[in-house]
4 protein chains.
Amino acid sequence: MADRPVFSYFYSMKNSAIGEKIIKTASKLFYSNGYNATGVNEIIAKCGIAKATLYSHFNSKEDICLAYLQQRHDAFLTSFKIYVPERKNGKEQLLAIFDFLTDMYRDGDFNGCWALKTLGELSPNQERIFAAIQKQKKEFLSYLGEIVVNNVVNVSKAEKEKISGGLYLLYESAITESHLFKNDWPIFLSKNIAPSIFERMELV
Amino acid sequence: MADRPVFSYFYSMKNSAIGEKIIKTASKLFYSNGYNATGVNEIIAKCGIAKATLYSHFNSKEDICLAYLQQRHDAFLTSFKIYVPERKNGKEQLLAIFDFLTDMYRDGDFNGCWALKTLGELSPNQERIFAAIQKQKKEFLSYLGEIVVNNVVNVSKAEKEKISGGLYLLYESAITESHLFKNDWPIFLSKNIAPSIFERMELV
Amino acid sequence: MADRPVFSYFYSMKNSAIGEKIIKTASKLFYSNGYNATGVNEIIAKCGIAKATLYSHFNSKEDICLAYLQQRHDAFLTSFKIYVPERKNGKEQLLAIFDFLTDMYRDGDFNGCWALKTLGELSPNQERIFAAIQKQKKEFLSYLGEIVVNNVVNVSKAEKEKISGGLYLLYESAITESHLFKNDWPIFLSKNIAPSIFERMELV
Amino acid sequence: MADRPVFSYFYSMKNSAIGEKIIKTASKLFYSNGYNATGVNEIIAKCGIAKATLYSHFNSKEDICLAYLQQRHDAFLTSFKIYVPERKNGKEQLLAIFDFLTDMYRDGDFNGCWALKTLGELSPNQERIFAAIQKQKKEFLSYLGEIVVNNVVNVSKAEKEKISGGLYLLYESAITESHLFKNDWPIFLSKNIAPSIFERMELV
DNA sequence: GATGAATGAGAGTTCATTCAT
DNA sequence: TATGAATGAACTCTCATTCAT
C-alpha cells in the first residue's frame, strides 16, 4: 500500500481479471458520463468483450452500478484511513478531509462525488442503489466521528456529533460545488469555515 | 411571476398554455425519476398531446430540461426573495434559508435539489445545461450575498463572502443530505452550525 | 361476402393498413413456425417496417399474438357461420364442421389449430393468451350447440350437450391429428364416428 | 423399465445418473413452461451442473427434447400396459384409457399432452421431433388396436380400426381439452361417447 | 469427465427525433 | 397549428453453443 499513490479508486480488486476490467471501465464511464447515459454496449466495446460475457459476470447493469459505488467507496475510505493518521493530531487531522479532497480535485478526471451523482439519477424503484449510497455515506460519517473522538477532548457526545456532522456537510458541499464551479474555492472555504465549529473546544 | 426575469425559456414558447403544461409535466417527472430516465413518451402521455406538438414547442429534450431548471430556479428564488424580507433583520434573515428549506423538505414531493440532481447526470457534451445550472447557483449565491450585506455591518468584503459562501455550502449540503437520509437532521445541523461563521461579527 | 372464398383467415381487418400487414405477417409466421420461435425481427423484416413502427401499433408481442388468435378465430367462425346454413338441415348440418375442416385441411398452409398450437407453448404466467383461447373455444362450442338445437328435436338439454360436446371433441382431434399425421383420415374418421352420438335421436 | 424398447435415447448417455437428472429436470420445465420458453440455463441451474456437462451428455437442446418425449412416452405406455390387463375384459378394457387419463388429470402437474404441446411449437425444419412424435402416437394407436383385438369379436378389420381410431381421437381431445378448460368434463364426455362406437358390436 | 469462461446472434422493447398532412 | 405515423439507433438482457483446461 505504501508505494501506491495517496489516492486511487482501484485499490480493492476482486480476483476475476475480466470482472475487474468491467468495473474499471464502467466506473470511468459512469463517473464521467452518468449512469443512465452509459450503455452496456459502450462498456463492452471499451472492454473488448461480448455482451454475454459481461452478463456472466454481473446479473444486471444495476449490479455493475452497485459494484462501482462500492469499489469507489472502499478505495476512498481505505485511502483516507491511511491518510489521516499520517497527519498531526488536533486541527490537522480534523481538517484532513479537505486536503484529501484537494488531492482528489487535482486529479484530471475529477467529476464530483460518484455517489451523489448517482443518487441524483435514481428513480423511486431503484431502492438497492439508494440504500447502498446511504450506507456508504453513513460509514464515512461514522469514520469522521472516529476522527473527532480521537482529536477532541472534554466535549459532550452531542458536540462531537456536531463537529463530525459539520465536517461531513462541508465536505459534501465542497466536493459537489468544486465540480460545479470547476474551481477549488468551495474546498478552501469549507476548510476555512470548519474550525468555527470546534473553535472553543479543546483539541488533543 | 409578475416580474419575470429578463431572460426566460417561457419566452420562446409559441403557445404558452401547452408549453407550460409540458414544462409542468416534465418537471414532475424529471424531478422524481431523473432526467435521463424520463422519456418524451412519458411526458406527452401525461400531457395528452402528440409528440410533434411537443417538438413544436421545444426543439429538443435538452431544451425542456433547460426550461425545467429555469422554472424551478425562478420559482425558488422568487419565493425566497418574498420570504426573506418578512423576517426580522439580523440572525433571522441570515438563517432564513434553512427555515425556507425546512418548508421545502416537508413538501410531499421533496427530492433534493433539482439542479444538483441534473448536474450529476450530465455528460461532458451537455455544456448548455451545465452552464445554466452554474449560472443559477451563482445567482442564488449572489442573493445570499445581498442578505449578508443587509444584515452584517463593519465587516470586510472577504468576510461577507465567507458568510454568504458558508451559508450557500451549508444549504447545498442540507438539501442533498436531507434527501439522502430521508431525515431533516442535515437541515437543522446546517442551521445550527451557520452562526459559528458570523459569531463575532456585528449584525444589524 | 358472397364472392369471397369459402374460408379465409383475413376477413375482418381493422382500418390501419400497417396494422393489418403486421397481423397478417405475424399470423403466417406464428402459424407455421410457432409463437415463441417467431421473433419480432422476422415480422418487421417481412413487413418492411421499422421496429418502432411495429411497437406503435402493438404494445407487445403478446398483443400481436392476441390479435392473431382473435383474427383467426373471427375469420373461422364467421366463415363457418356462413357455411352451415347453406347446407341441408339434419345430418348435413350436424356434420358440416368436418367438411368445413376438410376444406381447411386442403389449404396449402394447413398446420393444425392455431389456438391449440399456441396453447401448447404457454408458460403459466401467460394468462391473457390462455384466457383468450379458452373464450374462443367456448364460443365455438356454443355455436355447435346452436347447430344442434336447430337440427335435433325431442331430446333433453343434456343430450344436446352430449352431441355438441362430442362434435367439438371430434373436431378438435381431427384438426390436430390430421396435421400430425399429414393425412386426412382423422377428419374422415371423426365424421364417420360422429353420427353414432345422435344415432337414435330425431333430426329435423 | 425392465424391458426397455429396442431404441431409447437413454442408451446414448455417457453417465446415466447425470443424464437422467438432466432429462428429469428438462422434462418438468418443458412440460410446464414449454420447449422454446425453457432455456438450457434454466435446466443446468436446476440440475446444479455446468453447461458443458449438459452438452457432453446431449448434443443439442433438440436431443434433450427427443429424450424428454421418448421418456414421457415410454413411461406412459409402460404404465398403461400394466394398467389395462388389470381390468375386466370387454367394455372395461376398451374404456380403460379414460380412467387412466382421469388419474393423470388429477396429478398436480397435469398440463395436457407433452407430445401435442411440443408438436404445436415446431418449425418446419424440426423434422426429427415431428417424426418422433408421430411415431410415438402411432405406437399408442397401435396398442389401442391391440386392446380392441382382445376385446371385440366378430368384427371386420375396418371396424376394429374405427374403434381404436375413435378411442384414440377421443383420448387426444380429452387430454388437450381438459387442460384447456381446467376441467375434467372432456374426459367424462369422451368416455361417455366412446361406447356409441362399438354399441352394436360383440365384446368378449 | 466435468468445468469455467467466453461468444455471436438475436431476443423484446424504448429512445429522441422527423415529416407529410 | 397540431398531429399521426414512421424511423434508425440504442436499450438491457438471453439464446444455444463451443472450447481450452
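Chain A is the first sequence line, chain B the second, and so forth, proteins listed ahead of strands; every chain is numbered from 1.
Taking CG from C/L116 and CD1 from C/I133, the interatomic distance works out to 7.5 Å, rounded to the nearest 0.5 Å. Atoms CZ and CD1, on B/F58 and B/I22 in that order, are 5.5 Å from each other to the nearest 0.5 Å. Expressed to the nearest 0.5 Å, how far OG of A/S60 lies from CG of A/L66 amounts to 7.5 Å.
Using a 4.5 Å cut-off on side-chain heavy atoms (C-beta onward), C/K137 and D/L180 make contact. Within the 4.5 Å cutoff, side-chain heavy atoms of D/I64 are placed close to those of D/L54. Side-chain contact between B/Q70 and B/Q136 is present, with heavy atoms from C-beta onward closer than 4.5 Å. At a threshold of 4.5 Å between non-hydrogen side-chain atoms, the residues C/K117 and D/L122 do not count as touching. Contact annotation: the side chain of B/H57 never approaches that of B/D63 to less than 4.5 Å [non-hydrogen atoms, C-beta and beyond]. Side-chain atoms of B/I44 and B/T25, non-hydrogen and from C-beta on, never get closer than 4.5 Å to each other. Counting heavy atoms from C-beta on, the side chains of A/T118 and A/C65 come closer than 4.5 Å. Under the 4.5 Å side-chain criterion, counting only non-hydrogen atoms from C-beta, C/L119 is not in contact with C/I129.
Rounded to an integer number of Å, the gap from B/F58 CZ to F/dT1 C1' is 16 Å. When the P atom of F/dT14 is taken as reference, atom CG of D/L29 falls 16 Å away, rounded to whole Å. Rounded to an integer number of Å, the gap from CG of A/N33 to C1' of F/dA10 is 15 Å. Put simply, CG on D/L54 is 16 Å from C1' on F/dC19, counting in whole angstrom units. One can place CD1 of D/I22 at 11 Å from C1' of E/dA2, the figure rounded to the nearest angstrom.
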Table of protein N/O atoms under 3.5 Å from nucleotides 4-6 of chain E N/O atoms:
unit_1	atom_1	unit_2	atom_2	d
E/dA6	OP2	A/H57	NE2	2.9

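Within residues 119-131 of chain C, no residue has any heavy atom under 4.0 Å from DNA chain E. The stretch residues 37-47 of chain A touches DNA chain F through A/T38, A/G39, A/V40, A/N41, each having a heavy atom within less than 4.0 Å of the strand.
Here B/Y55 reaches the OP1 or OP2 of E/dT17: one of its side-chain N or O atoms lies under 4.0 Å away.
Taking for each of B/Y35 and D/G48 the nucleotide of DNA chain E with the nearest heavy atom, the 5'-most of the two is the partner of D/G48. Mapping C/K61 and B/K61 onto DNA chain E by nearest heavy atom places C/K61 at the nucleotide closer to the 5' end.
Every residue meeting the ring pair (Phe, Tyr, Trp, His ring centres under 6.0 Å) condition with C/Y68, not counting sequence neighbours, appears here in chain and number order: C/F30.
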So what's the dot-bracket for DNA chain E: Watson-Crick or G-U pairs under 3.5 Å, [ ] if a pair crosses, | if it pairs off-strand?
.||||||||||||||||||||
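For residues 33-47 of chain D, the pairs satisfying side chain to side chain donor-acceptor pair (under 3.5 Å) are D/N36-D/E121, D/N41-D/K51, with sequence neighbours left out.
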